[in-house]
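Below is one structure; the comments refer to it alone.
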Amino acid sequence: MDHDDPLRAFVRALPKAELHVHLEGSIPPELALVLAARHGVRLPGGEGGVQGVRAAFRFVDFRRFIEVYLALSRCLRTVTDVREVVVALAERVAAQGVVHAEVTFTPMTHMTRGVPADALIEGLVEGRARAAELGVSLMFVPDIVRGFADQAAPTLDFALALRRRDDGAVAGLGLAGPEGDEHPLGPVLDVFARARAEGLRSLPHAGEFLGPPSVRAAMDELVADRIGHGVRVIEDATLVAELAARQIPLEVCPSSNVALGVVAALGDHPLPRLIAAGVAVSLATDDPALFGVDLVDEYLRCAGAFGWGADELRGLAEASLRHASAGPDDRAAWLAAAAAVPGPNRFIGDMP
Ligand SMILES: [Zn+2]
């Protein structure tokens, strides 16, 4: 297939980082069916086999999204389940030229169902080791769900336990779920401060379903090192300029934004305006199994919508590597490898 599309081959060959992907939203339909059968979980569309699940996964509305997401979450119970899901993600991203992925994972969703933290940790660690064999550096972002403030401290405890078990496995502490006045940040600020004191990065979602005030709070109150989405900052030119000056990167997931109605259509996405304003951005998939998208698709869709060529796509790939939570030596090596990838002309009829 790459023979027919030099730009796709080029994007695939570029070393890239995937900085915003949820483990629970990455489970492919084939594996979801195996896990569901193992545990007697009813998956939406499951009676129709892989095709049925694939159709049910195709995003319809937010309620369906949550229904599918929670059904997938119920499939994760044992060390083996977690390992298999991590390995499936690693295999999938490795095939797209991803050298580093930061994987959000919501431990309390599983622990409140009675899954022991040790089983989750062991599955993540075993999956991470297998990913390394595939050439993919994986780090995890245990995240707190907004509105469940009582789960914030246990989520940090989980992150620290995971790091004790596998130094380097944790990128930082995440925050996801519905933004809104009904879920003020107050109760989680303390936990984020403790996480930063422990050397974890602050990696919250913000500026997805709410506008500039949510981004402002992520920047100033959570002291974000990077922001998941953040795209609605575009509604405040002053804040855009500040974000650019401070170079706090955004993890931009265009297909997710379209699917969830954050923007009406890809062509309306603020990404080109954010780049023009000097904001640091990279591309990511968010929930690839649910949005039917992989990272290479995401690059190519943006190229199509915004008239981008190889230079713009190379710039985004390099930005993703610079924004990674990995150490400076890893980032430098990946950037050198990216710089060595020739332009797309090289790929015309020339791929193995
Ligand atoms: Zn997300």
Side-chain angles (χ1 to χ4, degrees), residues 17-27 57 59 61-70 72-73 76 85-86 89 92-93 98 100-110 138-148 151-152 155 159 170-180 183 185 188 192 201-211 214-215 217-218 222 224-233 248-263 269-271 274 281-295 297-298 320 323-325:
E18 159 86 280
L19 300 178
H20 190 125
V21 57
H22 295 259
L23 186 65
E24 297 89 340
S26 76
I27 305 175
F57 278 20
F59 182 80
D61 57 29
F62 195 67
R63 237 187 78 220
R64 180 55 165 260
F65 173 78
I66 295 297
E67 182 193 344
V68 171
Y69 194 90
L70 291 179
L72 285 171
S73 293
L76 291 180
V85 168
V86 174
L89 183 150
R92 183 171 168 150
V93 299
V98 170
H100 174 81
E102 297 187 19
V103 182
T104 294
F105 175 70
T106 314
M108 292 308 290
T109 299
H110 310 292
L138 280 192
M139 297 179 93
F140 298 104
V141 182
D143 77 329
I144 300 160
V145 180
R146 289 179 197 254
F148 293 87
Q151 297 182 357
T155 302
V170 180
L173 187 64
L175 178 69
E179 299 166 69
H183 303 308
L185 286 178
V188 304
F192 267 83
R201 305 184 88 203
S202 169
L203 303 171
H205 288 56
E208 180 185 16
F209 298 111
L210 274 191
S214 179
V215 177
L222 296 172
D225 292 290
R226 221 173 50 214
I227 294 174
H229 298 290
V231 292
R232 286 191 54 187
V233 71
I248 300 169
L250 305 184
E251 307 146 9
V252 178
C253 311
S255 295
S256 163
N257 293 156
V258 173
L260 293 177
V262 177
V263 299
H269 200 284
L271 180 58
L274 291 169
V281 300
S282 68
L283 290 181
T285 59
D286 208 3
D287 296 292
L290 300 178
F291 301 133
V293 66
D294 68 26
L295 191 59
D297 293 333
E298 204 76 67
S320 73
H323 303 165
S325 304

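Just so you know, ligand 1 is whichever comes first in the structure, and atom 1 is the first atom listed for that ligand. Quick note: numbers below take in every heavy atom, side chains included, and nothing from hydrogens, waters or symmetry partners.
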Apply salt bridge (Lys or Arg N to Asp or Glu O under 4.0 Å) to D294 and list each qualifying residue two or more places apart in sequence or on a separate chain.
none

Side-chain donor-acceptor pair present, S202, D225, cut-off under 3.5 Å
no

Identify which protein N/O/S atoms are less than 2.8 Å from the Zn ion (ligand 1).
H20 NE2, H22 NE2, H205 NE2, D286 OD1

Taken in chain and number order and not counting sequence neighbours, the residues that satisfy side-chain contact (heavy atoms from CB on, under 4.5 Å) with A289 are F57

If only atom types and distance count, is the side chain of E179 paired as donor or acceptor with the main-chain N or O of E208 below 3.5 Å?
yes

Using the test salt bridge (Lys or Arg N to Asp or Glu O under 4.0 Å), find all partners of R226 that sit at least two apart in sequence or belong to another chain.
E102, E251

Less than 6.0 Å separating the ring centroids of H229 and F209?
no

